[in-house]
Amino acid sequence: MSRRPVVPPFRLVASALAAAALLTTAACSDDGAATTAADTAADQARAAERNIAEQAPTGSPTGSATGSPTGSATASPSALTESGAKAALLTETDLEGGWNQVRDAGKWRDSMLIGQVDVAQFLTGKADASDCQELVDGLYGEDLLGKPSGASALTGFQQGDSRLLEQVAAYDRAALDDRLKWMASLPQKCDQFTLDGSGGGERTVQVTEVSVPEVGDARQGLHVTVRGDADGGPATLSLMVTAVRVGDSAVTVTGGGLDGDQKDSVEQATQAGAERLRTVLDGGTPSPQPTDLD
């Protein structure tokens, strides 16, 4: 026995409307007006059928996997590659003031940042002291935002006794945002503390917040001053560090030295670095391209 074809529900409703309209018209009309009334009822039935058909699901979603309100794809930064990280690095042209690019920036370390935080000074105990230790260790190891989860590249510039270091790297988005919040908490947790050097000398460390150019998706900045002895005499190390998130990647700039924190140059490097990274993530090529000093 053959099956009857399945009739869509909206067609059954439309047919019922047509039939009802025809019966009503026939009951209220004489023979001379029956044909005209029937035509009118049929037109009404066809209109009802079209309305129901337009409201019926078509089987395809109106939205898209991107979650865009309009259903169209939304542009998002691409993943940072090793070549992209290198292309996003600053060049001498991006900086003013006679900064010279150097080959060994990845080996830069400042001995004034080596030491153990004096926990006894912290009224709140070891928690804040641990954050302050993490700060000086991160500055010394150039990994204040933590270890990158993907591609990374680094470059450095020198001007007299001052240095400027830039790192471009990919991170886990949630971990990166947490790290920026952590940086924001440091001026309160670590406003001033003592660092005990390996040679027995004490250094006083002060941490304050600094403004960062309005670039990228999120940003944070710190000013760190370390006062103590270096090379047999009193010295003050001043550093300004900024971190800017662009998508799942970030630009970190650290500048300063015994001659001051180089605030203007750090701000300029932060602005240019974030813009170059955005260009790379959007599929472009920033100009000029960095010089390969490897």
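We're numbering straight along the sequence, starting at 1.
- Under the side-chain contact (heavy atoms from CB on, under 4.5 Å) criterion, Asp172 pairs with Ala174, Ala175, sequence neighbours left out.
- Under the side-chain contact (heavy atoms from CB on, under 4.5 Å) criterion, Glu82 pairs with Ala151, sequence neighbours left out.
- The main-chain N or O of Val102 is never found under 3.5 Å from a side-chain atom of Gln158 such that the two would form a donor-acceptor pair.
- Residues that satisfy the side chain to side chain donor-acceptor pair (under 3.5 Å) test with Thr279, not counting sequence neighbours, are absent from this structure.
- Across Leu95 and Ala269, no two heavy atoms sit closer than the pair CD2-CB, 3.7 Å.
- Arg163 pairs by the side chain to side chain donor-acceptor pair (under 3.5 Å) definition with nothing, not counting sequence neighbours.
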Donor-acceptor contacts, no H, no angles, side chain residues 237-247, under 3.5 Å, sequence neighbours left out:
| from | atom 1 | to | atom 2 | distance (Å) |
| --- | --- | --- | --- | --- |
| Thr242 | OG1 | Thr270 | OG1 | 2.7 |
| Arg245 | NE | Asp177 | OD1 | 2.8 |
| Arg245 | NH1 | Gly247 | O | 2.8 |

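- Nearest heavy-atom pair across Val251 and Gly273 is CG2-O, 3.6 Å.
- In this structure Ser185 satisfies the side-chain contact (heavy atoms from CB on, under 4.5 Å) test together with Trp182, Lys189, sequence neighbours excluded.
- For the atom pair CG (Asp110) and CH2 (Trp108), the distance works out to 11.5 Å, reported to the nearest 0.5 Å.
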Run the side chain to side chain donor-acceptor pair (under 3.5 Å) check on Gln262 and Ser162 step by step: do they pass?
CA-CA 8 Å; Gln262 300 296 328; Ser162 297; 3.1 Å; yes
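- Nearest heavy atoms, Leu180 versus Ala218: CD1-CB, 3.8 Å.
- Rounding to the nearest 0.5 Å gives a distance of 14.0 Å between OH of Tyr171 and CG of Asp178.
- Under the side-chain contact (heavy atoms from CB on, under 4.5 Å) criterion, Ala230 pairs with Met112, Ala235, not counting sequence neighbours.
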Check step by step if side-chain contact (heavy atoms from CB on, under 4.5 Å) holds for Val205 and Thr225.
CA-CA 6 Å; Val205 183; Thr225 302; over 6 Å; no
List the steps, then state whether side-chain contact (heavy atoms from CB on, under 4.5 Å) holds for Trp99 with Ser265.
CA-CA 9 Å; Trp99 289 93; Ser265 294; 3.0 Å; yes
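- Considering CG of Asp259 and CG of Asp161, their distance stands at 5.0 Å, rounded to 0.5 Å.
- Arg276 pairs with exactly one of Leu89, Asp94, Val168 by the side chain to side chain contact (heavy atoms under 4.5 Å, CB included) rule, that one being Asp94.
- Looking at residues two or more places apart in sequence or on another chain, you find no side chain to side chain donor-acceptor pair (under 3.5 Å) involving Glu166.
- The minimum heavy-atom distance linking Ala170 with Leu80 is given by the pair N-CD2, 3.8 Å.
- Here Asp191 contributes atom CG and Leu186 contributes atom CG; the two are 11.0 Å apart, rounded to the nearest 0.5 Å.
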Step by step, would you call Gln121 with Thr194 a side chain to side chain donor-acceptor pair (under 3.5 Å)?
CA-CA 8 Å; Gln121 291 187 329; Thr194 298; 2.7 Å; yes
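- Taken from OG1 in Thr155 to CG in Leu164, the straight-line distance is 9.5 Å, to the nearest 0.5 Å.
- With respect to Gln271, the side chain to side chain donor-acceptor pair (under 3.5 Å) criterion is satisfied by exactly one of Glu275, Gln268, Glu267: Glu275.
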Please determine whether salt bridge (charged side-chain N to carboxylate O under 4.0 Å, His left out) holds for the pair Arg203 and Asp196, giving the CA-CA distance in whole Å, both sets of side-chain angles, and the decisive distance to 0.1 Å.
CA-CA 6 Å; Arg203 304 184 186 98; Asp196 295 327; over 6 Å; no
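- Remark: the backbone N or O of Gln101 is paired with a side-chain donor or acceptor of Glu92 at under 3.5 angstrom.
- Taking 4.5 Å as the limit, some side-chain heavy atom of Val117 sits within range of a side-chain heavy atom of Phe122.
- Residues that satisfy the side chain to side chain donor-acceptor pair (under 3.5 Å) test with Gln159, not counting sequence neighbours, are absent from this structure.
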Report all side-chain donor-acceptor pairs from residues 207-216 shorter than 3.5 Å, counting only partners two or more places apart or in another chain.
| from | atom 1 | to | atom 2 | distance (Å) |
| --- | --- | --- | --- | --- |
| Glu209 | OE2 | Gln220 | NE2 | 3.0 |
| Glu214 | OE1 | Arg219 | NH1 | 3.4 |

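- The stretch residues 130-192 participates, sequence neighbours left out, in these disulfide (SG to SG under 2.5 Å) pairs: Cys132-Cys190.
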Output, in order, the C-alpha distance, side-chain angles, deciding distance and verdict of side-chain contact (heavy atoms from CB on, under 4.5 Å) for Phe193 and Thr204.
CA-CA 6 Å; Phe193 60 94; Thr204 301; over 6 Å; no
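- Residues Gln116 and Leu195 fail the side-chain proximity criterion, which asks for heavy atoms closer than 4.5 Å.
- Glu202 contributes no side-chain N or O that, together with a main-chain N or O of Gly197, makes up a donor-acceptor pair within less than 3.5 Å.
- Between the OG atom in Ser78 and the CG atom in Asp282 there is a gap of 7.5 Å [rounded to 0.5 Å].
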Show which side-chain atoms of residues 136-145 pair as donor or acceptor with protein atoms under 3.5 Å away, not counting sequence neighbours.
| from | atom 1 | to | atom 2 | distance (Å) |
| --- | --- | --- | --- | --- |
| Asp137 | OD1 | Gln133 | NE2 | 3.2 |
| Asp143 | OD2 | Lys147 | NZ | 3.2 |

I'd like to know whether Thr285 forms a side-chain contact (heavy atoms from CB on, under 4.5 Å) with Val280, so could you lay out the CA-CA distance, the side-chain angles of the two residues, the decisive distance to 0.1 Å, and finally the verdict.
CA-CA 6 Å; Thr285 301; Val280 167; over 6 Å; no
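- Between Pro187 and Ala184, the shortest heavy-atom distance links the atoms CD-O, 3.4 Å.
- The two residues Leu176 and Ser249 come nearest to each other via the heavy atoms CD2-O, 3.8 Å.
- With a 4.5 Å cut-off on side-chain heavy atoms, Leu258 and Thr236 do not count as touching.
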